[in-house]
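Below: the structure, in structure tokens.
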Amino acid sequence: MAANDRKFIVFIGPPGSGKGTQAQIIKERLGLPHVATGDLFRYNLKNQTELGLLAKKYMDAGELVPDEVTIRMVAERLMREDCARGALLDGFPRNLKQAVALDEILAPYGGVTVAPLFEVDDEVVVERISGRRICRKCGAVYHVKFNPPKHEGVCDICGGELYQRDDDRPETVKTRLFVYYKQTAPIIGYYFCRGILVDINAMQPVEDVTRDLMATLKKRGLSD
Ligand code: AP5
């Protein structure tokens, strides 16, 4: 595959807008790996690595992990074999410095292909995050009301235990939203100016968001 045939899709949206949920659904259809910085930090934390322990204090406070650490981690991740056709980026970039760094990393491959923006109201964010439950074993995402597991507290896919993320407490969610508007929102203009930003109405049920997302990606030649 030619270097610039790689596809890099950047999901932008506030916490709880459904980026992770949609990435899990469409990654197989697109044949691209889901590269989520939050998941990479949580994996490191679970394994008690130096990176995980450093990230923990920022994540627990709802703040961004320092750019140097995050950018290096993503650059290394995107060089792995499974990104030979591109990747679905979720949670990166999260500020202008990271957006510029990503352009540098992807320069040999034609840069970011498209940036879907998941739009939801703040009240919806709070409701979604407070009801989110995640499988400890396989990482599947549920919601106690909108997407409940068949048996309370147990993952439908692997039978693992479901838990609530430490940073999903109401006071931390407020900080995460504040950080989103202050630091992440400027990248919306950055991608808009290049003509690669697309709005997605993420207030709809999961299946309808998937339908709109896939239609958008198809229009851009990213799916059949
Ligand atoms: P991260 O893990 O990236 O969290 P986030 O961006 O805040 O995103 P979320 O995972 O909360 O939300 P989501 O949009 O994926 O929603 P989901 O699909 O789960 O980051 C965590 C922390 O890591 C950061 O605060 C920071 O400290 C650090 N970090 C990460 N990246 C970084 C970076 N680049 N630089 C520096 N620091 C970084 O859905 C939410 C819930 O809603 C679920 O329960 C789901 O079932 C439900 N749901 C989803 N879609 C729908 C729908 N359409 N209708 C009804 N319910 C729905």
Side-chain angles (χ1 to χ4, degrees), residues 10-27 34-45 51-52 54-75 77-78 88-99 101-102 105 116-121 123-135 139-149 155-156 162-169 172-185 187 200-213:
V10 166
F11 281 179
I12 307 171
S17 55
K19 306 179 297 294
T21 299
Q22 294 299 328
Q24 285 294 336
I25 297 171
I26 70 167
K27 67 176 184 178
H34 175 202
V35 175
T37 37
D39 289 348
L40 290 173
F41 287 132
R42 281 185 287 278
Y43 174 83
N44 274 279
L45 183 56
L51 173 64
L54 171 94
K56 181 177 167 38
K57 64 177 181 192
Y58 296 97
M59 294 175 80
D60 284 352
E63 287 163 6
L64 297 187
V65 178
D67 288 333
E68 306 71 55
V69 179
T70 309
I71 291 167
R72 192 170 353 114
M73 176 179 79
V74 172
R77 178 66 187 86
L78 292 177
L88 211 52
L89 283 146
D90 162 10
F92 187 93
R94 242 177 163 100
N95 59 27
L96 283 173
K97 189 169 175 195
Q98 293 183 7
L102 183 62
I105 296 167
L117 169 64
F118 287 63
E119 299 201 274
V120 285
D121 295 345
E123 311 82 72
V124 172
V125 160
V126 174
E127 193 184 11
R128 285 191 187 172
I129 287 189
S130 58
R132 171 166 51 196
R133 299 292 181 272
I134 298 169
C135 175
V141 181
Y142 297 87
H143 190 283
V144 291
K145 186 166 146 197
F146 305 126
N147 177 25
C155 178
D156 293 349
L162 303 187
Y163 79 103
Q164 187 166 27
R165 266 167 52 175
D166 284 345
D167 61 346
D168 281 354
R169 293 184 309 268
T172 316
V173 171
K174 260 196 198 159
T175 309
R176 286 165 60 198
L177 259 176
F178 177 74
V179 167
Y180 174 76
Y181 287 118
K182 195 164 176 222
Q183 303 197 47
T184 308
I187 69 173
I200 299 293
N201 174 4
M203 298 279 284
Q204 312 174 86
V206 172
E207 315 72 61
D208 295 354
V209 178
T210 308
R211 182 203 56 219
D212 287 0
L213 192 55

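Counting convention: from 1, in listed order, for ligands and their atoms alike.
- With respect to atom 54 (N) of ligand 1, the closest heavy atom belonging to the protein is Arg128 NH2, 3.4 Å.
- Inclusion of Gly62 in the set of residues having an N or O under 3.5 Å from an N or O of ligand 1 is not warranted.
- Remark: ligand 1 atoms within the under-4.0 Å shell around heavy atoms of Phe146 are 55 (C), 56 (N).
- At least one heavy atom of Arg165 sits less than 4.0 Å from an atom of ligand 1.
- In terms of protein heavy-atom proximity, atom 16 (O) of ligand 1 is closest to Gly18 N, 3.3 Å.
- Protein heavy atom closest to atom 31 (N) of ligand 1, with residue, atom name and distance, is Thr37 OG1, 2.7 Å.
- The residue from Arg176, Arg133, Lys174 that alone fulfils the salt bridge (Lys or Arg N to Asp or Glu O under 4.0 Å) condition with Asp168 is Arg176.
- Annotation for Val209 and Ala202: closest pair CG2-CA, 3.9 Å, computed over non-hydrogen atoms.
- In this structure, the side chain of Asp121 does not engage the main chain of Glu123 through any donor-acceptor pair within 3.5 Å.
- Between the side chain of Tyr180 and the main chain of Arg94, no donor-acceptor pair closer than 3.5 Å is present.
- Heavy-atom distances between Met203 and ligand 1 stay at or above 4.0 Å for every pair.
- Asp212 is linked by a side chain to side chain donor-acceptor pair (under 3.5 Å) to Gln204, counting only residues two or more places apart in sequence or in another chain.
- Using a 4.0 Å cut-off between heavy atoms, Val65 contacts ligand 1 through both its backbone and its side chain.
- Close approach to Leu64 involves these atoms of ligand 1, each under 4.0 Å from a residue heavy atom: 36 (C), 37 (N).
- The protein non-hydrogen atom at the shortest distance from atom 43 (C) of ligand 1 is Val141 CG1, 3.6 Å.
- Distances shorter than 4.0 angstrom occur between a heavy atom of Pro205 and an atom of ligand 1.
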Please set out all donor-acceptor pairs under 3.5 angstrom arising from side-chain atoms of residues 57-64, sequence neighbours excluded.
residue : atom : partner : partner atom : Å
Asp60   : OD2  : Lys56   : NZ           : 2.6

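- In this comparison of Met73, Lys56, Arg94, the heavy atom closest to atom 30 (C) of ligand 1 sits on Arg94.
- For ligand 1, none of its N or O atoms has an N or O atom of Asp90 under 3.5 Å away.
- Taking the side chain as every heavy atom from C-beta outward, Arg132 and Val144 never approach each other to under 4.5 Å.
- In this structure a side-chain-to-backbone donor-acceptor pair under 3.5 Å is present from Lys19 to Pro14.
- Heavy atoms of Asp168 found under 4.0 angstrom from ligand 1: none, in either backbone or side chain.
- Inclusion of Arg42 in the set of residues having an N or O under 3.5 Å from an N or O of ligand 1 is warranted.
- Annotation: atom 35 (N) of ligand 1 to nearest protein heavy atom, Gln98 NE2, 2.9 Å.
- Within the 4.5 Å cutoff, the side chain of Leu117 has no heavy atoms near those of the Ile200 side chain.
- Shortest contact from atom 45 (C) of ligand 1 to any protein heavy atom: Thr21 OG1, 3.7 Å.
- Less than 4.0 angstrom separates some heavy atom of Thr70 from each of these atoms of ligand 1: 33 (C), 34 (N), 35 (N), 36 (C).
- Looking at ligand 1, you'll find an N or O of Gly20 within less than 3.5 Å of one of its N or O atoms.
- Gly18 and Arg128 make their closest contact through N-NH1, 4.2 Å (heavy atoms, listed as atom of the first residue, atom of the second, distance).
- The protein heavy atom nearest to atom 7 (O) of ligand 1 is Arg176 NH2, 2.7 Å.
- The residue Tyr180 has no part lying near ligand 1, judged by heavy-atom distances below 4.0 Å.
- Remark: ligand 1 and Tyr142 share an N or O pair separated by less than 3.5 Å (distance only, no angle test).
- The shortest N or O to N or O distance between Gly16 and ligand 1 is under 3.5 Å.
- Here the protein heavy atom with the shortest distance to atom 53 (N) of ligand 1 is Gln204 O, 2.7 Å.
- No side-chain heavy atom of Asn201 sits less than 4.5 Å from a side-chain heavy atom of Glu119.
- Considering both main-chain and side-chain atoms, Arg133 never comes within under 3.5 Å of ligand 1 through any nitrogen or oxygen pair.
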